[in-house]
Q: 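Okay, here's the structure, questions in a sec.
Along the sequence shown, residues carry numbers from 1. Since the structure is predicted, the reported quantities are computational estimates derived from the model, not experimental observations.
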Amino acid sequence: YFAAMTMATIGFGDITPSSSLGRLINSLFAIFSPGITAVVLFQFATWKIDFVQRRLANWPSFRQVMLRYRLAVAFFIVSFYLVAGTLLFAAVESLSFMDSYQLCVAMITTVGYGDVTCKSDLGKVLVVIYAFFGNGVSAIVIEAVGKFILDRSQGYFFPRLWPFGHDDNAAAGKQD
């Protein structure tokens, strides 16, 4: 549980090393483990995306909907994930819905406030699983929001990030 929360960069603070050696080892682990987690998540996401794309190759209309409504789909996914997690942790840990919701948001955003944590062994196991997939869910939303902003701005706000030929004269209202 402690190692998984450290790897997911969620600092609940309910378990911490107490000795100097433990703190030293933990600090080294905290520096290198998010990189390892990122590699594992990237490989898992790549495999999952390839799998889904192969399955949906014959459904062009579904693919067009996914691309056109990427932001709405991303918010639907995160909303569903948060509702499912809220209900799960409210039932397993006997938390109020608000506390359970706050726990889930703290996990997928990797904020980890620490004011609401799981006490049972089952809850801690579920936190590890939920946090692992929650990082992927939050990455979907971050990507969708970022793409939405860049597409809508068409490079006016972030011209160096926009690879599609931003024209400074057109942006300034000048004509040739």
Q: How long is the straight-line distance from CZ of Phe89 back to OG of Ser120, given to the nearest 0.5 Å?
A: 9.0 Å
Q: Would you say the side chain of Cys118 lies within less than 4.5 Å of the side chain of Leu126, judging by non-hydrogen atoms?
A: no
Q: Taking atom NZ of Lys119 and atom OG of Ser94, what is their separation to the nearest 0.5 Å?
A: 12.5 Å
Q: Checking side-chain contact (heavy atoms from CB on, under 4.5 Å) against Tyr101, which of Val105, Asp99, Leu103 comes through?
A: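 Only one of Val105, Asp99, Leu103 forms a side-chain contact (heavy atoms from CB on, under 4.5 Å) with Tyr101, namely Val105.
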Q: Can you tell if the side chain of Phe133 reaches within under 4.5 Å of the side chain of Ile108, non-hydrogen atoms only?
A: no
Q: Output the rest of the hydrophobic cluster of Ile25: all Ile, Leu, Val, Met, Phe, Trp and Tyr residues reachable through side-chain heavy-atom contacts under 4.5 Å, sorted by chain and number.
A: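 Members alongside Ile25: Leu21.
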Q: Decide yes or no for Ser100 and Glu93: does some side-chain heavy atom of the first lie under 4.5 Å from some side-chain heavy atom of the second?
A: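 Ser100 vs Glu93: side chains apart.
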Q: Grab the two heavy atoms, one from Phe97 and one from Thr86, that are nearest each other, plus how far apart they are.
A: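 Heavy-atom minimum between the residues: O-CG2, 3.5 Å.
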Q: About how many Å separate CD1 of Ile77 and OG of Ser138, when rounded to the nearest 0.5 Å?
A: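 Output value for this atom pair is 12.0 Å.
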Q: Looking only at the aromatic ring of each residue, does the gap between the centers of Tyr81 and Tyr130 stay below 6.0 angstrom?
A: yes
Q: Check Met107 against Asn135 and note the closest heavy-atom contact, atom names and distance.
A: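 Closest pair (atom of Met107, atom of Asn135, distance): O-OD1, 4.3 Å.
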Q: Is there a continuous path of hydrophobic side-chain contacts, each under 4.5 Å between heavy atoms, that joins Ile129 to Leu82?
A: yes
Q: Restricting to side-chain contact (heavy atoms from CB on, under 4.5 Å), what partner residues turn up for Val141, sequence neighbours left out?
A: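 Val141 satisfies side-chain contact (heavy atoms from CB on, under 4.5 Å) with Ala74, Phe75, Val78, Val145 only.
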Q: Rounded to the nearest 0.5 Å, how far apart are CG of Leu95 and CD of Gln102?
A: 10.5 Å
Q: Report the residues that fulfil side-chain contact (heavy atoms from CB on, under 4.5 Å) with Val128, sequence neighbours left out, ordered by chain and then residue number.
A: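 In terms of side-chain contact (heavy atoms from CB on, under 4.5 Å), with neighbours along the sequence ignored, Val128 is linked to Tyr1, Ala4, Met5.
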Q: Decide whether Val92 and Met98 are clustered together by the hydrophobic rule: side chain heavy atoms of Ile, Leu, Val, Met, Phe, Trp, Tyr closer than 4.5 Å, transitively.
A: yes
Q: Rounded to the nearest 0.5 Å, what's the gap from CG on Leu88 to CG on Leu122? Could you check?
A: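 One finds 8.0 Å between CG of Leu88 and CG of Leu122.
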